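A quick note: this is a predicted structure, and the numbers were derived from the prediction, not measured. Positions are given from 1 along the sequence.
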Amino acid sequence: MRVGLRGMLVAMLAGFLTVSATVPVAACTNFLITKGASVDGSTMITYAADSHVLYGELYHTPAGRHMPGEMLKVYEWDTGKYLGEIKQAPETYNVVGNMNEHQVAIGETTWGGRHELQDPNGGIDYGSLMYITLQRAKTAREAVKVMTELVAEYGYYSSGESMSISDPNEVWIFEIIGKGPSADDESRRGAVWVARKIPDGYISGHANAARIRQFPLNDPDTLYTKDVISFAREQGFYEGTDADFSFADAYAPPDYGAVRFCDARVWCMFRRAAPSNKISADWVTGVDGAEPIPLWIKPDRKLGVHDVMEFMRDHFEGTELDMTQDIGAGPYELPYRWRPLTWKHEGTEFFNERATSTQQTGFSFVTQSRSWLPDPVGGILWFGVDDTYSTVYIPMYCGISRVPHSFAVGTGSFQEFTWDSAFWVFNYVSNYSYLRYRDMIQDVQLVQRELEGRFLADQPAIDAAAKALFEQSPRLAVDYLTNYSCNAGDATVKRWRKLGEELLFKYLDGNVKDEHGKVTHPGYPESWYDRVAKATGDHLVMKKLKAEEEAAAAHEQADEMRRTNIANAVITLLEGRGMKVDSATEEKIRGCKDTKKLEKWLIDAATADSAEGLLVKS
């Protein structure tokens, strides 16, 4: 995802795309899970679409049939710029978000690469490429074919991209970049690309950095353009042997930003999925000579859909990059940093970490494609809007005929707040929780887990009912799942708005109300007070005015006199009862600065067996 307008009003059935919100470079995260790496045999991919100006909504394009000779107008997904026309397919498939009715799903992250390779005359951009392909492909492998044929015929407009492509059986990573301006050189039309199937039982990820390096040249599960290596040689990007050729190093030479802001997100997911691998942080922290993180790994255990949701909720907790622990987190361990991402101070450039969870997410999802179920039942887009850490992933089945009103295109926009919009309701809750994050996120997660837990617990029964209906009539199954997904979405938004009201009541004005509604003032964490004290010296130390000091001295003098009188009375009473008060005991009594203890000794002296026993007893 990159700079441009978005907030897509997908209308490909009518032959066009329109868009309305900008999206910055280095903005997205994808994780890829093969069926052999999942608990139930699902394939899964994830996508976080991040932008400070992206309005999160759930796109829907119904299936359609088209006349011979019909053309499809293509508008750049990012900016709305008209790029031209392409031939429309005779049949197009139903698409919900980034998943079609055949359980094919596609996500992306932009890495840019060599800027001179972008073709301003290309006829199709990466965003249009994704959504047009979803309308035309029944498998992941076919999706690669559709995309590469489209860019070969019409030219590729965008910069470097990584894409995740899944179907019920396979998961692929696909990387592509243009060949430069084609206006005066037709040989530049199209793109260079590599696609690799993730081995079954393994997982992968990409996050705005090219990931495919060396690849096998004679492998049915590795596809590439015939000139991917020769073109790099012609341009002076590479001089070695074919076997040693690295797509990423040739077309997107890494810099510190690419490894720290981008690869670090994949590194942290790998670290959580396979702690036994002990994958070093050297690459992502820029250690000279460090090995790149691998393209894929085998997880320590098989992963469920909830595990993968949790991968999307990450701020590097528990690692050397933990965003909750440095001073930027403030007193309440807020794991977000307001932009810009880098800044200069006294001539030195600094940066903030960039984690998978980030405040500017427009929408995100986790897909499930399940080969053992009919397509309308087997494919689920677990969809959420706003910050992944505090969103709720709601099941949107891939064959549904409409989407929840609160998530639908047209319900709201980035330019105007409305309670009808899921995007605005979730932002209302998350942005308020940022004020006292350590405390408030716990309240948020209670409701989040309640809702997601219910969806996950109900999933087997919903699947079984839909499958039974499908066997009677596919239309019945689609209608049933449409109603289920729409009700789940709208009910979630209603509950989330109620949560926002509860948070406002509980945390009003920096206070915290207890379970009885009583206002308490818990103050800042002790660790924060320690930082403040060390940072400010005596600037915030409470001082006494001269009059206060004189009054305090007089009060202390009066207290000292009272203690002396009580101590004398204790000794007199003991001696009056015929008890010997040795010098050590007398010293302890007269040296006591605790008035209440002295008063107790005076009472107990009337019944004490000895002077020493009085002190022991007390």
(message) Taking the basic N atoms (NZ, or NE/NH1/NH2) and the acidic carboxylate oxygens, is any pair closer than 4.0 Å for Asp50 and Arg354?
(response) yes
(message) Classify the ring geometry of Tyr126 against Trp77: parallel below 30°, tilted from 30° to 60°, perpendicular beyond 60°.
(response) perpendicular
(request) Measure from the ring center of Trp382 to the ring center of Phe365 and say whether it is less than 6.0 Å. (result) no
(message) Main chain of Tyr75, side chain of Ser128: is a donor-acceptor contact present, judged purely on distance under 3.5 Å?
(response) yes
(message) Can you confirm whether Phe31 sits close enough to Tyr47 that some side-chain heavy atom of one is under 4.5 Å from a side-chain heavy atom of the other?
(response) no
(message) To the nearest 0.5 Å, what is the distance between CG on Asp479 and OG on Ser473?
(response) 8.0 Å
(request) For residues Phe247 and Trp193, establish whether the separation of their ring centroids is below 6.0 Å. (result) no
(request) Compare all side-chain heavy atoms of Phe455 with those of Ile462 and state whether any distance is below 4.5 angstrom. (result) no
(message) Pairing donors with acceptors under 3.5 angstrom, does anything connect the side chains of Ser276 and Asp300?
(response) yes
(message) Run the salt bridge (Lys or Arg N to Asp or Glu O under 4.0 Å) test against Lys87 and tell me which residues pass, sequence neighbours left out.
(response) Glu153
(request) Pick out which of Asp167, Asp221, Val104, Ile165 makes a side chain to side chain contact (heavy atoms under 4.5 Å, CB included) with Arg141. (result) Asp221
(request) Please determine if Lys138 and Glu101 form a salt bridge, counting it only when a charged side-chain N lies under 4.0 Å from a carboxylate O. (result) no
(request) Using a strict 4.0 Å threshold on nitrogen-to-oxygen distance, state whether Arg313 and Glu452 make a salt bridge. (result) yes
(message) Check this for me: does any side-chain nitrogen of one of Asp307 and Arg301 sit under 4.0 Å from a carboxylate oxygen of the other?
(response) yes
(message) Taking Lys35's backbone N and O only, do any of them form a donor-acceptor pair with Ser38's side chain (distance below 3.5 Å, no angle check)?
(response) yes
(message) Tell me if the aromatic rings of His315 and Tyr336 count as close, with their centers under 6.0 Å from one another.
(response) yes
(request) Ignoring hydrogens and angles, state whether a donor on the side chain of Gln103 or Asp375 is under 3.5 Å from an acceptor on the partner side chain. (result) yes
(request) Answer yes when Arg370 and Asp463 have at least one side-chain N-carboxylate O distance shorter than 4.0 Å, and no when they do not. (result) yes
(message) Return the CD1 to CG distance between Ile86 and Leu150, rounded to the nearest 0.5 Å.
(response) 5.0 Å
(message) I'd like to know if the side chain of Asp200 and the backbone of Gly36 have a donor-acceptor N/O pair within less than 3.5 Å.
(response) yes
(request) Could you tell me whether the side chains of His60 and Asn94 share a donor-acceptor contact shorter than 3.5 Å? (result) yes
(request) Verify whether one side chain among Thr79 and Glu76 offers a donor that lies under 3.5 Å from an acceptor in the other. (result) yes
(message) Closer than 3.5 angstrom, by distance alone: can the side chain of Gln448 be matched with the main-chain N or O of Thr391 as a donor-acceptor pair?
(response) yes
(message) Check whether Arg211 reaches the backbone of Pro294 with its side chain - one donor and one acceptor, N or O, closer than 3.5 Å.
(response) yes
(request) Could you tell me whether the side chain of Ser433 and the main chain of Ser430 form a donor-acceptor pair under 3.5 Å? (result) yes
(message) Are the side chains of Phe215 and Leu217 in contact, using a 4.5 Å heavy-atom criterion?
(response) yes
(message) Under 3.5 Å, is there a donor on one side chain and an acceptor on the other for Gln360 and Ser51?
(response) no
(request) Among residues two or more places apart or on two chains, list those pairs meeting ring-ring contact (aromatic ring centres under 6.0 Å, His included) that have a residue in residues 86-107. (result) Tyr93-His102
(message) Assess whether a salt bridge exists between Glu450 and Arg454, defined as any Lys/Arg side-chain N lying under 4.0 Å from an Asp/Glu carboxylate O.
(response) yes
(request) Indicate the atoms forming the closest heavy-atom contact of Tyr131 with Asn98, along with that distance. (result) OH-OD1, 2.8 Å
(message) Under 3.5 Å, is there a donor on one side chain and an acceptor on the other for Asn30 and Ser164?
(response) yes
(message) I'd like to know if Lys145 pairs up with Glu142 as an ion pair, taking the criterion as any Lys NZ or Arg NE/NH1/NH2 lying under 4.0 Å from an Asp or Glu carboxylate oxygen.
(response) no
(message) My understanding is that only one of Trp419, Tyr434, Trp496 makes a ring-ring contact (aromatic ring centres under 6.0 Å, His included) with Tyr428; could you say which?
(response) Trp419
